[in-house]
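Reviewing the structure listed below.
Order of the sequence lines sets the chain letters (A, B, ...), proteins ahead of strands, with each chain counted from 1. Atom set for the values below is all heavy atoms of this structure, side chains included, hydrogens, waters and symmetry mates excluded. Source: prediction; values computed, not measured.
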Amino acid sequence: MKTIRIGAGAGYSGDRIEPALELAQKGKIDYLVFECLAERTIAIAQKAKLADPSKGYDALLAERMEAVLRVCAEKGIKIITNMGAANPQAGAEKTREIAAAQGLSLKIASVSGDDVLETLKSGDIKITETGQPAASMSNVLVSGNAYLGAAPIVEALEQGADVVITGRVADPALFLAPQIKEFGWAFDDWEHLAKGTAVGHLLECGGQVTGGYFAEPGRKDVQGLGRLGFPIAEVSEDGSFVITKVESAGGHVTTDTCKEQILYEVHDPKSYLTPDVTADFSQITFTQEGPDRVRVAGVTGRERPATLKVSVGYVDGYIGEGQISYAGPGALARAKLALEIVQERLDIIGLQSSELRFDLIGVNAIHRDVLAPQPEPTEVRARVTGRCESMKEAVRIGNEVETLYTNGPAGGGGATKSARQVVAMLSALVPRAAVTPRIQIIEVQS
Amino acid sequence: MKLFDIAHSRTGDKGDISNISVIAYDEKDYARLATHVTAERVKEHFKGIVHGDVVRYELPSIGALNFVMYEALGGGVTRSLALDPHGKCLGSALLALEIPDSDA
């Protein structure tokens with residue numbers, strides 16, 4: 001039975017780069033997939049593209065390609081990534097430049113067509129969370145990108161692409177596409193598409209299935225997190241598969257790491273919705289076949305959703321923040337006093353803010369009052385943050401924390417302040433007919 | 001004992017929705033999780049953090065529960081004022097839940 005090996009070269013846009021090179025060199029992989037596009041990343045990339053039409057792809061695209069292109073070309077490993085972000089063509093062009101500089105001959109495809117911003121601005125599409133028409137917020141909309149499925153990636157591979165660079169594509173589709181290409185699964189073969197989607201879901205966060213985001217000293221110990229290996233799926237044409245890693249790499253693949261990852265960002269496990277299929281993980285099983293080898297079974301599937309999800313980016317005001325630390329006996333009382341003083345100051349200066357938050361880091365910043373610390377901490381950091389309509393207003397919050405140095409409780413140190421524009425995300429559903437994927441192939445011959 | 005003694009967890013985020021998996025180290029303990037870690041108890045545990053509904057999904061095939069908590073992330077990951085806007089730390093907080101030492 002035909003089997004392929006797919007490696008996950010990144011779990012998010014800022015992820016470590018060496019594990020991808022390790023996979024290419026030692027993983028005996030056929031495909032290297034980089035999933036680098038969080039919800040908000042594309043909205044920020046869209047702003048970069050507006051400022052400079054040659055930009056708008058992932059900030060680390062060049063560094064990643066420089067690291068892996070040569071070894072992938074030598075070994076015939078194909079690369080699939082959503083690092084094209086808001087500008088897949090520009091990402092492909094940058095990759096072409098790097099390939100040419102390295103003296104490589106490659107076919108590089110870009111997949112675009114996910115951008116539906118104009119449709120949102122002019123049409124009657126409603127925002128899922130608010131029920132309001134997207135067009136009513138057109139003055140603050142930054143981006144609208146539909147989640148494409150595997151089909152255009154499969155087509156690019158069929159056309160002989162060595163590297164496929166996409167914008168917004170459903171994360172598991174990046175991994176499903178090479179399976180469809182290699183095994184010839186039909187686009188309505190829900191059972192196989194669901195199994196292939198489970199491969200993608202387990203791999204898309206990189207090290208999160210090989211021991212990252214997992215260690216609990218004394219209970220769930222993981223060796224070698226400093227040189228954590230990224231995962232490999234060994235997939236057969238009947239859709240059965242094993243999750244594993246490079247033997248010498250750090251981390252481990254166990255039934256427990258797989259259990260945690262299969263439910264990561266999943267709501268109803270019976271209905272994991274993607275553009276390609278509705279996958280059912282509710283009867284999944286994991287079996288440890290050997291060291292760092294877990295076999296996955298029990299995934300089923302049914303028809304894909306009728307609509308495509310769109311992530312909608314919009315400018316949502318400004319957030320200002322300030323922090324300052326207190327230590328030693330009485331630290332908690334002084335930090336509480338600090339927050340009271342800032343609250344009073346914000347009243348006195350008439351800060352215009354729609355939401356304010358006061359935290360004691362080390363006490364209640366994460367868990368509020370769910371878990372009260374005992375005994376009293378000897379270091380506490382006071383934090384004040386708030387939402388404002390202008391940058392000018394947001395800046396005042398951090399300033400009022402900083403002035404605690406000379407106007408606040410004893411021994412306040414290490415004050416920091418910041419203010420930033422907020423690009424926030426909402427979602428919408430669009431008919432499939434509203435989206436037309438486009439594939440463009442450029443070639444570099446050396 | 002605490003839930004921490006028999007289960008591990010992982011937290012994920014989508015918009016203003018947080019999901020926490022609770023997974024028995026030993027699949028034989030799944031029934032205890034199912035009995036004692038109810039949606040109502042989870043909602044009570046996160047009072048002041050989770051403002052919407054808590055829905056529980058059951059996965060006996062892997063000895064796990066999945067809790068989906070609405071209005072849980074300060075208005076959404078991308079706009080929250082929280083120090084941990086993704087709520088990644090929430091799963092660990094849930095493991096502080098007290099459960100009976102045995103069902104005997």
Side-chain angles (χ1 to χ4, degrees), chain A residues 38-40 43 128-129 205 208 213-214 216 219-220 255-270 281-286 297-298 311 313-314 316-317 319 321 323 355-357 359 361 364-371 381 383-387 422-427, chain B residues 4-25 27 44-50 55 57-71 74-97:
Chain A
E39 267 196 312
R40 180 160 48 179
T128 304
E129 290 83 352
C205 294
Q208 283 195 185
Y213 195 34
F214 181 81
E216 183 80 59
R219 290 168 195 255
K220 293 189 296 173
T255 54
D256 282 346
T257 64
C258 291
K259 286 176 185 179
E260 286 198 15
Q261 190 55 23
I262 195 67
L263 291 174
Y264 180 70
E265 294 185 341
V266 166
H267 294 167
D268 181 354
K270 285 190 171 68
F281 300 154
S282 66
Q283 304 300 318
I284 201 164
T285 60
F286 299 104
S311 60
Y314 69 104
D316 184 31
I319 289 180
E321 178 177 339
Q323 296 184 13
E355 186 183 356
L356 283 172
R357 181 175 165 125
D359 292 307
I361 298 176
N364 64 11
I366 303 282
H367 297 146
R368 312 313 289 165
D369 300 316
V370 171
L371 302 174
R381 193 158 173 83
R383 173 180 185 262
V384 180
T385 181
R387 193 186 314 285
V422 180
V423 176
M425 303 304 295
L426 291 165
S427 60
Chain B
F4 186 53
D5 295 317
I6 61 166
H8 53 113
S9 76
R10 176 166 293 187
T11 314
D13 60 274
K14 286 261 184 252
D16 201 16
I17 304 169
S18 173
N19 85 285
I20 301 179
S21 60
V22 175
I23 304 165
Y25 280 107
E27 289 182 12
E44 175 66 22
H45 189 73
F46 287 119
K47 202 165 67 177
I49 297 177
V50 175
V55 179
Y57 296 98
E58 298 168 4
L59 293 101
S61 69
I62 56 171
L65 300 171
N66 188 38
F67 294 91
V68 179
M69 315 194 297
Y70 294 84
E71 295 172 59
V77 174
T78 49
R79 66 191 305 273
S80 168
L81 297 182
L83 184 63
D84 169 22
H86 300 87
K88 293 208 180 247
C89 303
L90 292 175
S92 305
L94 183 55
L95 296 182
L97 199 74

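Counting non-hydrogen atoms of neighbouring residues, nucleotides and ligands closer than 6.0 angstrom, the NZ atom of A:Lys220 exceeds 12 such neighbours.
Contacts between A:Glu260 and chain B at a heavy-atom distance below 4.5 Å involve backbone atoms as well as side-chain atoms. Only the side chain of A:Ile262 comes within less than 4.5 Å of a heavy atom of chain B; its backbone N, CA, C and O stay farther away. The contact between A:Phe281 and chain B is made entirely by backbone atoms, counting heavy-atom distances below 4.5 Å. When heavy atoms are compared at a cutoff of 4.5 Å, A:Glu129 does not approach chain B at all. Heavy atoms closer than 4.5 Å to chain A are found in the side chain of B:Ala64, but not in its backbone. For A:Arg383, the part lying near chain B is the side chain, with the backbone staying farther off; criterion is any non-hydrogen pair under 4.5 Å.
Using modelled atom types, one side-chain atom of A:Arg40 and one backbone atom of B:Thr78 make a donor-acceptor pair closer than 3.5 Å. The backbone N or O of A:Ile284 sits less than 3.5 Å from a side-chain atom of B:Ser61, completing a donor-acceptor pair. Listed for the B:Asn19 side chain is no donor-acceptor partner under 3.5 Å among the backbone atoms of A:His267.
With B:Phe4 as the aromatic partner, A:Arg219 meets the cation-pi criteria of under 6.0 angstrom to the ring centre and within 45 degrees of the ring axis.
Put simply, of B:Ala82, B:Ser9, B:Gly12, the one with the most heavy-atom pairs under 4.5 Å next to chain A is B:Ala82. Chosen from B:Ile20, B:Val68, B:Asp16, the residue pairing most often with chain A at heavy-atom distances under 4.5 Å is B:Val68.
Put simply, the side chain of B:Leu81 reaches to within 4.5 Å of the side chain of A:Ile319, judged on heavy atoms.
For B:Phe67, the ring pair (Phe, Tyr, Trp, His ring centres under 6.0 Å) criterion is met by no residue, not counting sequence neighbours.
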